[in-house]
Amino acid sequence: MTFQNTQHFALELDAADPLRQFRERFHIPAGANGQPAIYCCGNSLGLLPKSARAAVEQEFQSWEEHAVEGHFHGTSPWMHYHETLTDASARLVGAKPVEVVVMNNLTTNLHLLLISFYRPNGRRYKVLMEGGAFPSDQYALESQVKLHGYAPDDAIVELVPRSGEHTLRTEDIEVRIQELGDELALVLLGGVNYYTGQAFDMEAITRAGHAVGAVVGFDLAHAAGNLVLNLHDWDVDFACWCSYKYLNSGPGGTSGVFVHERFANRPDLPRLAGWWGHDPADRFKMKKGFRPMAGAAGWQLSNAQIFPMAIHRAALALVDEAGGMPALRRKSEQLTGYLEFVLRNAGLPADVLEIITPGNPAERGCQLSLLVHREGRALFDYLAEQGIVADWREPNVIRLAPVPLYNSFADVWHIGQAFAEWAKRLTR
Ligand SMILES: *Cc1c(COP(=O)(O)O)cnc(C)c1O
């Protein structure tokens with residue numbers, strides 16, 4: 001599509017957008033200018049779906065009316081509450097229902113999965129990850145390799161872009177995997193890098209990892225609700241994601257886990273166990289001897305977190321109602337493409353503003369990361385004054401993520417106008 005940098009054009013795209021109604025389903029806070037914010041921070045915390053409050057209220061109601069009996073009574077008995085999230089989660093990541101479960105928080109789940117899937121043995125003990133990965137992932141891996149008695153500097157191998165480049169090339173990742181060969185125990189990458197917005201070729205990376213006998217897992221914090229995922233077909237071993245970014249399920253929201261079907265009936269896999277992962281047939285007999293449930297459910301520890309799950313359920317229903325990830329992704333590619341277009345037309349020279357996210361839509365999700373070489377913080381503050389909610393990453397990156405559920409083409413056009421105005425101020 002050929003874009004035009006006019007408000008008229010943006011409004012035409014909005015009028016033709018089959019998802020335009022979904023914006024009304026969210027609470028959009030006011031920006032610093034008193035107008036509804038141009039909220040481009042859904043990569044950090046998604047907006048509140050209007051349906052969430054009633055979903056939580058319903059569980060208050062159950063608690064109020066049934067107390068302990070709420071586990072068995074009410075509209076969604078708590079005993080099985082997490083199961084109500086399974087099908088939607090499976091659709092979300094391209095999995096079979098047996099391969100997914102919703103539980104805990106992201107970093108907790110990453111640890112639980114690493115206990116099972118980082119199994120260093122002899123020569124094979126190294127982990128390949130992104131250099132500058134999200135700190136929680138770095139700390140998780142660092143502590144896991146130490147648990148096994150290795151030095152992080154030795155056991156963790158980081159991928160870094162070629163000099164002069166900001167993102168990783170798939171072929172370089174594949175070569176690194178081949179070089180590590182039988183020393184490589186695990187590849188763990190983000191599905192989308194939180195800093196650069198680069199989406200990795202998860203299928204190719206999984207194939208390369210498996211070819212040398214390594215396990216391959218992904219942290220999908222920035223990919224779930226952002227990309228079309230096919231974890232089962234891509235043959236990914238394990239993955240986890242959070243629900244509060246592109247999945248709009250609220251601060252500290254509950255997390256999703258994927259474990260490939262081939263591990264569904266592997267009670268022998270080492271894991272940290274809890275009663276909620278135990279065979280439900282005799283969970284309440286309180287007997288010795290853990291017997292894991294089949295599939296991802298066998299990694300559960302605790303009884304379900306009903307309140308965050310109620311929000312998550314309402315939020316996932318919106319994704320399905322919108323037509324699922326393929327529909328969201330169609331709009332997302334256009335929306336982010338339009339953002340790239342208006343930014344490139346804002347009159348800011350490359351020595352001031354550089355977009356480090358790949359230009360190829362297949363290699364990115366919603367987010368564009370802007371490296372601002374001059375007065376980045378001042379630009380960020382200026383955007384905030386204009387009611388544009390972005391986020392700032394040290395030392396000089398602004399991340400903007402227009403999301404298809406609630407951002408409009410008009411939002412994006414306004415962002416372009418703000419950047420153009422800033423360009424005039426800079427050259428004045
Ligand atoms: C957001 C994010 C996290 C946050 O982890 P929590 O356990 O949910 O606090 C971790 N890893 C990545 C890659 C993230 O983007």
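Order of appearance sets the numbers: ligands from 1, and atoms from 1 within every ligand. Residue numbers count from 1 along this sequence.
Distances between N or O atoms of H222 and those of ligand 1 include at least one value under 3.5 Å. An N or O contact shorter than 3.5 Å links D219 to ligand 1 by distance. Inclusion of T107 in the set of residues having an N or O under 3.5 Å from an N or O of ligand 1 is warranted.
Of all the atoms in ligand 1, the ones that sit under 4.0 Å from a non-hydrogen atom of Y244 are 1 (C), 4 (C), 5 (O), 6 (P), 8 (O), 9 (O).
Protein heavy atom nearest atom 2 (C) of ligand 1, with residue, atom name and distance: K245 NZ, 2.5 Å. Annotation: atom 3 (C) of ligand 1 to nearest protein heavy atom, F134 CE2, 3.3 Å.
The pair R23-D411 meets the salt-bridge criterion, with a side-chain N (NZ, NE, NH1 or NH2) lying under 4.0 Å from an Asp/Glu carboxylate O. Salt-bridge check for R20 with E24: failed, with every basic side-chain N at 4.0 Å or more from each acidic carboxylate O. A salt bridge is defined here as a Lys NZ or Arg NE, NH1 or NH2 lying under 4.0 Å from an Asp or Glu carboxylate O, and D182 with R124 fails to meet this definition. Using a cut-off of 4.0 Å between Lys/Arg side-chain N and Asp/Glu carboxylate O, R176 and D172 are scored as not salt-bridged. A salt bridge is absent between D235 and R207: the closest approach of a Lys/Arg side-chain nitrogen to an acidic carboxylate oxygen does not fall below 4.0 angstrom.
Looking at D137 against ligand 1, only its side chain comes within 4.0 Å, counting heavy atoms.
The cationic group of R399 does not satisfy the cation-pi geometry with W392, failing either the under 6.0 Å distance to the six-membered ring centre or the 45° limit from the ring axis.
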